Amino acid sequence: MVLLTIGLFLLLMVQMTSVSTKSQSISSRKRMAVEAGQSKMDLLCKYPWDLIRSSSDEGFVEENGSVMPAVSRLPGGAGDSVSIGGTKYYRFWRVVPDPEIQHLKTITVWCFWKSEGGLWRHTALVTQLADVEHSPE
């Protein structure tokens, strides 16, 4: 009875370790995707105002009235890619001028990667950027 209990306990510990490791891996990849997206966002915000543009239109598709990255066209449709810790992250970005405020742009950066199961995962970051040199005071 004692041996059976110890065996079940060890089996449970192995299973918990496996689940914990998988969760850490998913969490780590999400964190890396956010960092890759943020680095692209930071770079875009350093460009001169007139040069801040979306990545290639080839990488986007319109769905339900909104524009989203075309996952079916990955990796070719991505704006660029970066490898971090052995995982390749594909980044798309869309820059949209505000329809009401002349010197304001909304920037969205999506960062995609493939999970262990072969499914595409992604994270998205959104910010607004004002052209302070030409904004009314």
Side-chain angles (χ1 to χ4, degrees):
M1 202 59 176
V2 172
L3 289 176
L4 181 61
T5 304
I6 291 173
L8 287 174
F9 178 73
L10 290 174
L11 185 61
L12 180 63
M13 292 301 293
V14 168
Q15 186 67 24
M16 288 176 54
T17 302
S18 172
V19 169
S20 175
T21 302
K22 185 175 181 180
S23 295
Q24 289 174 358
S25 175
I26 291 169
S27 175
S28 175
R29 287 197 174 112
K30 281 183 182 179
R31 188 175 58 253
M32 292 297 117
V34 169
E35 289 178 16
Q38 185 64 53
S39 72
K40 187 61 181 185
M41 184 83 70
D42 292 343
L43 185 62
L44 288 169
C45 290
K46 290 179 183 178
Y47 288 172
W49 181 257
D50 295 337
L51 297 180
I52 303 173
R53 294 195 174 92
S54 300
S55 57
S56 171
D57 286 338
E58 168 187 326
F60 292 95
V61 65
E62 189 169 337
E63 292 181 5
N64 302 324
S66 63
V67 178
M68 296 292 295
V71 180
S72 62
R73 297 182 192 150
L74 276 167
D80 69 6
S81 64
V82 61
S83 291
I84 304 171
T87 300
K88 194 154 199 171
Y89 296 90
Y90 299 94
R91 300 182 293 192
F92 297 82
W93 54 95
R94 185 142 173 86
V95 180
V96 180
D98 191 281
E100 296 177 14
I101 303 171
Q102 184 178 7
H103 300 288
L104 186 68
K105 293 180 180 181
T106 299
I107 303 171
T108 307
V109 176
W110 292 270
C111 191
F112 285 80
W113 73 98
K114 264 195 174 172
S115 68
E116 290 88 4
L119 297 175
W120 286 107
R121 305 284 185 201
H122 78 278
T123 187
L125 300 160
V126 180
T127 193
Q128 290 188 310
L129 184 64
D131 181 8
V132 294
E133 292 183 24
H134 298 100
S135 295
E137 293 189 33

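Treat the numbers as computed from the prediction; the structure is a model and nothing was measured.
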(message) For the CG atom on Asp98, are there more than 12 heavy atoms of other groups (residues, nucleotides or ligands in this structure) within a distance under 6.0 Å?
(response)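 Result for CG/Asp98: enclosed.
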(request) Group every Ile, Leu, Val, Met, Phe, Trp and Tyr by side-chain heavy-atom contacts under 4.5 Å, then state whether Trp49 and Leu44 land in the same group. (result)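 In one cluster: yes.
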(request) Any chance you could lay out the side chain to side chain contact (heavy atoms under 4.5 Å, CB included) test for Thr123 and Lys30, step after step, and finish with the verdict? (result) CA-CA 7 Å; Thr123 187; Lys30 281 183 182 179; over 6 Å; no
(request) For Tyr90, enumerate each residue passing the ring pair (Phe, Tyr, Trp, His ring centres under 6.0 Å) test, keeping only those at least two apart in sequence or located in another chain. (result)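 If we apply the ring pair (Phe, Tyr, Trp, His ring centres under 6.0 Å) test to Tyr90, skipping adjacent residues, the hits are Trp120.
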(request) Scan residues 77-95 for pairs that pass salt bridge (Lys or Arg N to Asp or Glu O under 4.0 Å), counting only residues two or more places apart or in two chains. (result)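 Output for this query lists Lys40-Asp80, Asp80-Arg91.
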(request) Go through the steps for Glu116 and Arg29 under the test salt bridge (Lys or Arg N to Asp or Glu O under 4.0 Å), then give the verdict. (result) CA-CA 11 Å; Glu116 290 88 4; Arg29 287 197 174 112; 2.2 Å; yes
(request) For the residue pair Gln38 and Glu35, establish whether any side-chain heavy-atom pair is separated by less than 4.5 Å. (result)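 A side-chain contact under 4.5 Å is absent here.
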(request) Taking the side chain as every heavy atom from C-beta outward, state whether Thr106 and Gln128 have any pair of such atoms under 4.5 Å apart. (result)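 Yes, side chains in contact.
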With rounding to the nearest 0.5 Å, note down the distance linking [atom1] in [X] to [atom2] in [Y].
{"X": "Leu129", "Y": "Ile107", "atom1": "CG", "atom2": "CD1", "answer": "5.0 Å"}
{"X": "Trp113", "Y": "Ser83", "atom1": "CH2", "atom2": "OG", "answer": "14.5 Å"}
{"X": "Tyr47", "Y": "Arg53", "atom1": "OH", "atom2": "CZ", "answer": "11.5 Å"}
{"X": "Asp50", "Y": "Asp131", "atom1": "CG", "atom2": "CG", "answer": "7.5 Å"}
{"X": "Cys111", "Y": "Ile84", "atom1": "SG", "atom2": "CD1", "answer": "7.0 Å"}
{"X": "Ser55", "Y": "Trp110", "atom1": "OG", "atom2": "CH2", "answer": "8.0 Å"}

(request) May I ask you to decide if Val95's main-chain N or O and Ser54's side chain share a donor-acceptor pair within less than 3.5 Å? (result)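 Pair found, side chain donor or acceptor close to backbone of Val95.
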I'd like a table of donor-acceptor pairs (distance under 3.5 Å, sequence neighbours excluded) in which one partner is a side-chain atom from residues 62-78, with atom names and distances.
from, atom 1, to, atom 2, distance (Å)
Ser66, OG, Glu63, O, 3.2
Arg73, NH1, Glu58, O, 2.8
Arg73, NH1, Phe60, O, 3.0

(message) To check you understand the geometry: which heavy-atom pair defines the closest contact between Val126 and Met41, and what is its length?
(response)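 Heavy atoms only, the tightest pair is N-CE, 4.1 Å.
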